[in-house]
Structure formats: structure tokens, C-alpha cells
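The block underneath contains the structure these notes are about, expressed in C-alpha cells.
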Amino acid sequence: IVHLARKEEGKDYNDFQKVYNAIAQKIRDKKDYDDGTGYGPKLVRLSWHSSATYDKKDNSGGSYGGTFRYPKEATDPLSKGLSDATDFLAPIYDQFPWISHGDLYTLGGVTAIQELHGPKIPWRPGRVDTGEESVPDHGRLPEPFWNADYVRKYYDKFNFTDQEVVALIGAHILGKTHLKNSGYDGPWDDDTNIFSNEFFSNLLKEDWKYEKNAAGNMQYDAKKGIMMLPSDYALRQDPKYLVYVKKYANDQDLFFEDFKNVYVKLIERGITFDESCPRYVFKTIDEQQD
Ligand SMILES: Nc1cccc2nccn12
């Protein structure tokens with residue numbers, strides 16, 4: 001399967017900055033959502049789940065076709081809770097109906113990362129909505145219960161290195177888990193609406209207790225009321241991953257640079273862009289105040 005990015009006839013940087021601004025303003029307007037966690041982290045998770053269905057075997061799945069808009073994909077049990085994110089973006093699509101769903105879902109994640117003080121993410125438009133017959137089957141998203149060998153094998157389909165895997169999972173600084181959605185329980189202190197490298201310092205420094213949660217799933221808990229999934233904790237158990245956990249815990253700039261690079265690879269995986277297609281780096285709301 002070839003996913004050829006479309007040239008955005010007549011739409012330019014300013015058009016996409018308007019979409020960015022509409023998403024960013026709505027994140028601010030609805031900052032009390034989910035006990036103050038806000039919509040940002042869920043928009044990042046939607047961009048991830050839209051992209052994580054990629055299969056290098058036949059170049060199927062991934063962000064290109066915007067297929068998360070179909071119930072068949074949105075009802076994947078591992079995507080529980082993300083209907084809040086697609087409900088958040090539906091009025092944005094109505095306001096800018098010229099955008100594709102694939103571009104909207106990935107731009108939602110880019111906007112959230114930048115508005116939550118993360119790195120600037122260069123973003124390319126051109127994804128084209130594909131039909132219901134192209135919706136990937138369930139079973140392509142990663143499960144949170146497993147260890148480092150599972151994690152390493154899972155990311156093989158993206159051809160990600162150990163360093164790229166560790167950087168990507170650092171996005172778990174954002175948001176929290178919900179018993180009713182993923183079956184994990186993770187209240188976070190309020191600063192996890194800020195994209196930082198603290199996931200790595202928490203992982204290394206906290207005294208983690210492996211416990212069964214109220215849904216019967218095992219997770220790691222620390223006294224500050226924060227948690228780690230088994231697949232998060234795997235990053236400190238595996239000596240090769242641990243090298244990068246330590247690097248990122250000690251160097252936020254390095255984390256930001258490496259996260260930016262692997263996140264772009266994730267949301268563009270499987271798509272052929274014309275080399276003339278511009279990479280847009282949008283301004284945050286704060287940067288646009290006169
Ligand atoms: N925020 C968040 C979401 C999902 C998993 C996870 N592990 C640690 C933190 N975290």
C-alpha cells in the first residue's frame with residue numbers, strides 16, 4: 001500500500017496555524033476537564049493511537065487515512081477513553097472541513113505537546129482520508145502489561161532504536177491512567193500538564209512498589225501517588241533501555257530533541273511526502289500575543 005501525501009492546494013502555513021490556534025484555545029477553555037488533567041494529554045494519546053496501527057509488512061495502518069474516525073477502530077478496547085478526544089476535535093473539523101482527519105488527529109497531538117511547553121514539532125500536512133475498508137483490525141496497539149522483550153519487539157515495526165523507544169515513552173509524563181478506561185490507576189500531581197523529562201527522574205528515583213490495583217491489574221506505585229505501567233518500568237529493568245532513561249533524566253534538552261525526532265517519525269510512518277512539502281513549525285498561543 002502506498003500512502004502518498006497530497007499537496008495542500010491553496011492551504012498554507014497561516015491556514016494550519018488557524019487550526020492549531022482553535023485547538024490550543026479550546027484546550028485552555030476546557031482546562032478543568034478530567035480533574036484538571038485537561039484535554040492535552042488525550043490529544044497526544046489520540047495522535048499516538050492513530051499512528052500505532054502501522055504495519056510495516058504491507059505499509060497499512062498509521063495516521064494517513066484518519067481511520068480512527070470509524071467506530072471499528074475507535075472501539076478497540078485499548079483505546080477506551082479516546083472518544084473524548086475525537087469529540088473534542090469534531091467541532092474543529094466542522095470549522096475547517098478542508099482538513100483531513102489524519103492531519104487533524106496528528107496536528108491535535110502536535111498542538112498539545114507545544115502548548116504544554118514541550119518541544120516544537122515540525123509537522124507536514126497531506127494525509128488523505130481513506131474508506132472504511134482500510135480500517136486496520138484490532139490487535140495492533142501495544143498492551144501495557146508486558147516486559148522489555150515485548151516492548152522491544154513491538155516497536156520493531158517502526159524500526160525504532162532502543163533510544164527512540166525510550167524517548168517516545170517519555171510522553172507518559174502527560175496525563176494519567178483511568179481504571180474505567182485502561183484498567184490502570186494513576187492520579188498525577190498537577191504538574192503533569194507540563195511536558196518535561198520528569199517521567200525519567202520519577203522512574204529512576206521513586207521507591208516503586210509492585211501492587212495489584214482496584215481493577216486487578218499489577219502496576220508500580222510510589223508514595224507521591226504516581227504510577228508506572230509494567231511496560232514503563234521495563235525501561236529501568238532492561239540495561240540497554242536504562243542507559244537512555246538515565247541520559248534523559250539528566251538532560252531535558254536532549255530528551256526534547258530526541259522526542260521531537262521520534263514523534264515525527266511516528267506520525268509520518270508509512271507516508272510518502274514530496275520533498276517540496278513544507279514542514280511547518282507553528283507558534284504557540286503565547287508566542288502570538290502582540
Ligand atoms: N501519565 C501516564 C499515562 C500512562 C502511563 C503512565 N505511566 C506513568 C505515567 N503514565
Side-chain angles (χ1 to χ4, degrees), residues 27 31 33-52 76-85 108-109 112-113 115-118 141-148 150-151 154-155 165-238 241-242 244-246 248-249 252 255-256 259 262-263 266:
I27 289 172
K31 64 179 174 44
Y33 166 74
D34 197 14
D35 304 323
T37 297
Y39 277 95
K42 273 218 165 67
L43 293 172
V44 176
R45 186 162 174 251
L46 176 61
S47 69
W48 153 237
H49 279 216
S50 298
S51 305
D76 187 321
L78 287 167
S79 287
K80 270 191 85 177
L82 283 181
S83 56
D84 286 357
I113 289 162
E115 291 299 303
L116 300 184
H117 307 288
L141 298 177
E143 293 176 323
F145 332 108
W146 311 122
N147 63 14
Y150 170 89
V151 171
Y154 177 79
Y155 283 97
V165 169
V166 175
L168 187 68
I169 296 175
H172 276 167
I173 186 55
L174 296 178
K176 63 186 178 190
T177 57
H178 306 74
L179 281 168
K180 66 181 186 316
N181 293 336
S182 61
Y184 287 91
D185 190 14
W188 276 63
D189 44 51
D190 58 7
D191 76 352
T192 49
N193 292 15
I194 304 297
F195 195 99
S196 74
N197 64 339
E198 278 176 39
F199 171 84
F200 301 107
S201 39
N202 290 343
L203 186 56
L204 286 178
K205 298 195 174 93
E206 289 300 324
D207 176 22
W208 297 103
K209 296 276 186 291
Y210 191 47
E211 302 172 325
K212 182 171 282 197
N213 68 25
N217 295 316
M218 297 302 286
Q219 65 180 58
Y220 292 86
D221 295 319
K223 62 187 179 316
K224 284 198 314 192
I226 59 176
M227 64 84 74
M228 289 286 167
L229 300 169
S231 52
D232 296 320
Y233 201 75
L235 301 183
R236 66 170 262 172
Q237 294 172 305
D238 180 277
Y241 284 148
L242 180 59
Y244 300 105
V245 172
K246 289 176 176 171
Y248 294 144
Q252 175 153 294
F255 168 53
F256 273 34
F259 178 83
V262 68
Y263 183 72
L266 172 77

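Side-chain atoms are counted along with the backbone in the values below, which use heavy atoms only and exclude waters and symmetry mates. All residue numbers in this chain count up from 1 along the given sequence. Start at 1 and go down the list; that is how both ligands and their atoms are numbered.
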* Verify whether one side chain among Ser47 and Tyr263 offers a donor that lies under 3.5 Å from an acceptor in the other. => yes
* Check each atom of ligand 1 against the heavy atoms of Leu229 and keep those under 4.0 Å away; list them by number with element. => 5 (C), 7 (N)
* Answer with yes or no whether the side chains of Tyr39 and Lys31 bring together a donor and an acceptor at under 3.5 Å. => no
* Asked: What part of Lys176, side chain, backbone, both or neither, has a heavy atom within less than 4.0 angstrom of ligand 1?
  -> backbone
* Less than 6.0 Å separating the ring centroids of Phe200 and Tyr244? -> no
* Could you tell me which atoms of ligand 1, counted from 1 in the order shown, lie closer than 4.0 angstrom to a heavy atom of Asp232? => 5 (C), 6 (C), 7 (N), 8 (C)
* So, does Lys176 use its side chain to make a donor-acceptor pair with the main chain of Asp34 at under 3.5 Å? -> yes
* **Per-atom contacts, ligand 1 versus Thr177 - under 4.0 Å to a heavy atom** => 3 (C), 4 (C), 5 (C)
* Asked: Do any N/O atoms on Phe199 end up under 3.5 angstrom from N/O atoms on ligand 1?
  -> no
* Asked: Which distance, rounded to the nearest 0.5 Å, do you find between the CG of Leu203 and the CE of Met228?
  -> 4.5 Å
* Asked: Below 6.0 angstrom between ring centroids: does that apply to Phe195 and Phe256?
  -> yes
* Asked: Backbone, side chain, both or neither: what part of Leu174 comes under 4.0 angstrom of ligand 1, heavy atoms only?
  -> backbone
* Taking both backbone and side-chain atoms of Gly175, is any N or O found less than 3.5 Å from an N or O belonging to ligand 1? -> yes
